[in-house]
2 protein chains.
Amino acid sequence: MRKDVHTDGTPRLCASCDARHKGICGALDQEQLIALAKTSHKQHAESGTELLGDAERIDTYAVVLSGVVKLAKTLSDGRQQIVSLQFAPDFLGRPFKSESELSAEAATDVSLCTFPKAALERLMQASPELERRLYRQALDELDQAREWIVTLGRKTAGEKIASFLLMIARNIDPSADPDRDSANFELPLTRADIADFLGLTIETVSRQLTRLRADKVISIENNRNVVVPSLARLEARAGN
Amino acid sequence: MRKDVHTDGTPRLCASCDARHKGICGALDQEQLIALAKTSHKQHAESGTELLGDAERIDTYAVVLSGVVKLAKTLSDGRQQIVSLQFAPDFLGRPFKSESELSAEAATDVSLCTFPKAALERLMQASPELERRLYRQALDELDQAREWIVTLGRKTAGEKIASFLLMIARNIDPSADPDRDSANFELPLTRADIADFLGLTIETVSRQLTRLRADKVISIENNRNVVVPSLARLEARAGN
DNA sequence: CCTCCGCGTTGACCCAGATCAAAGTTCAGG
DNA sequence: CCTGAACTTTGATCTGGGTCAACGCGGAGG
């Protein structure tokens, strides 16, 4: 198998990934892709690995190829809040800033395709199309962040949990048939992570999940595998 | 006084504003500016006016010339959350989407410079520099939104109020000397708005303000004019 | 096989902030 | 100057979710 092109003949962004890189591959011509591929690098990280520390210099961007990355902020006394979850094939990085205010950690086992900041920024100059795609992703993330602000500011614990499960279902249910009303997925986060994402405590998360289970809105096996027989019924709990 | 140029000779974006339009004027050449100025339109709205309803079509963008605009979402049962405050000279609009998920309302008396969506999008195609500036603003807003997520998810009522006052001070204190440790500004929001911004109730907002006053961290005249003798002391209350 | 350890659940109790109720303030309009 | 309406403050009480504590469970390592 050739290393420099995908099976369909388009150039690979990094030698070892077959997945396309949203917002990047599609925006570049053959020559640009090959140049970027030379500097890119595939990386695996197991769950819990810190990918980028708070206040660390950013010299690398990445695309999430599989798994879930959590972006978090920690207050000086240790309180933590997850501000975003990045799913494949999200772009990971903060253009126009060299220092991160966020820490990034692998929530599950993760594979990434990384490339140096400078290489991508050079390409952004050259390709307005690339910049436009990244701009769109930033706007999407802004929409999501605002959606989450409403959840954090005005929803009850039960509504937060329901909203969270819906969000996960939409992002990682493998059987992504939009018509189907049921869903079935593996939770990418521990109870502690869910709590940090929703501004709750582990105990409250656990109790609310128990309640949803008691009300037959979901069922959970092995603490991780969630089955939602009716997304509509779950949505009714999300309080929108 | 000529209507087509600023006092320094650069073209006006709209005939009646002398203020520059962040992210727009600077990115365009003379010819583009003149073209845009033809379609632009200055608009005043008094406090409380709804500028854009939830789920309304967006066919106009705007730049905030003065005053404060609040962007909010409302849940079906009436709970409301303000997701962002836009200060002059922020850009107001959501590129690449024709429908708003947010409502925009004038929090204070506001003046705007509006222009048709199509005109700006044409310019964005023509000027990568313009697009880049808007991209930067979107990234800045994303950073702010994430900052706010931490505030909403993990801070106490007292910390939320202190964070809010600091944010306002940074955005609208007219005597914006970064070295000075004191500040002095007029609150652009009612107690009800502050509550909707911080995910609290009016009563809690009022009590926390009273407490800050009792502790001599701030003083308030006429319910609106805030004096902060020491921003450092206020910052110590913000819990970062 | 057992034991340990990291997760998750459950129960009892508490408190920050919500809710309910009632006064004060401020200010536009008459 | 007076009046009313909108906004703000303050007090009393309640409650959702936090805190503290105990226990359950499953998988890795001996």
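Electrostatic pairing of B:R154 and A:D196 counts as a salt bridge here, judged by a charged N lying under 4.0 Å from a carboxylate O. The pair A:D59-A:R57 does not meet the salt-bridge criterion, since no charged nitrogen lies less than 4.0 angstrom from a carboxylate oxygen.
Residues from residues 145-161 of chain A placing a heavy atom under 4.0 Å of any atom in DNA chain D, listed by number, are A:T156, A:A157.
Here D:dG24 presents its C1' atom at 14 Å from CZ of A:R191, a figure rounded to the nearest Å. Atom pair A:D196:CG and C:dC7:P shows a separation of 13 Å (rounding to whole Å applied). Atom P of nucleotide C:dG17 and atom CG of B:L209 are separated by 14 Å, given to the nearest angstrom. Regarding B:I202, its CD1 atom lies at a distance of 10 Å from the C1' atom of D:dT9, rounded to whole Å. For A:L187 and C:dT9, the CG to C1' distance is 15 Å, given to the nearest whole Å. Rounded to whole Å, atom C1' of D:dT8 lies 15 Å from atom CG of B:L189. The CD-C1' distance, from B:E46 to D:dA6, rounds to 15 Å in whole Å. The distance between atom CD1 of A:I194 and atom C1' of C:dC7, rounded to the nearest whole Å, is 12 Å.
Ring-plane geometry between A:F91 and A:Y61 is classed as tilted, the angle between the planes lying from 30 to 60 degrees on a 0 to 90 degree scale.
Considering only residues two or more places apart in sequence or on other chains, B:A214 meets the side-chain contact (heavy atoms from CB on, under 4.5 Å) condition with none of them.
Around CZ of A:R211, the count of heavy atoms belonging to other residues, nucleotides or ligands within 6.0 Å does not exceed 12. Environment of CZ in A:R79: crowded, with over 12 heavy atoms of neighbouring residues, nucleotides or ligands closer than 6.0 Å.
Each of A:V205 and B:V205 lies near DNA chain D, and the nucleotide nearest B:V205 is the one positioned closer to the 5' end.
Taking the side chain as every heavy atom from C-beta outward, A:L209 and A:L165 approach each other to under 4.5 Å.
B:G199 comes within 4.0 angstrom of sugar-phosphate atoms only, judged by non-hydrogen atoms across all strands, and of no base. Across all strands shown, A:T190 has heavy atoms under 4.0 Å from sugar-phosphate atoms exclusively, and none from any base. As judged by a 4.0 angstrom heavy-atom cut-off over every strand, B:R213 is placed among residues touching the sugar-phosphate backbone only.
When the options A:E101, A:E141, A:Q81 are evaluated for a side-chain hydrogen bond (donor to acceptor under 3.5 Å, both in side chains) with B:R146, the one that passes is A:E141.
Between A:L51 atom CG and A:E105 atom CD the span is 8.0 Å, to the nearest 0.5 Å.
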Check your understanding: Reading nucleotides 19-25 of chain C from the 5' end, what letters show protein touch, with B for base, S for backbone sugar-phosphate only, - for no heavy atom under 4.0 Å?
Key -> BB-----
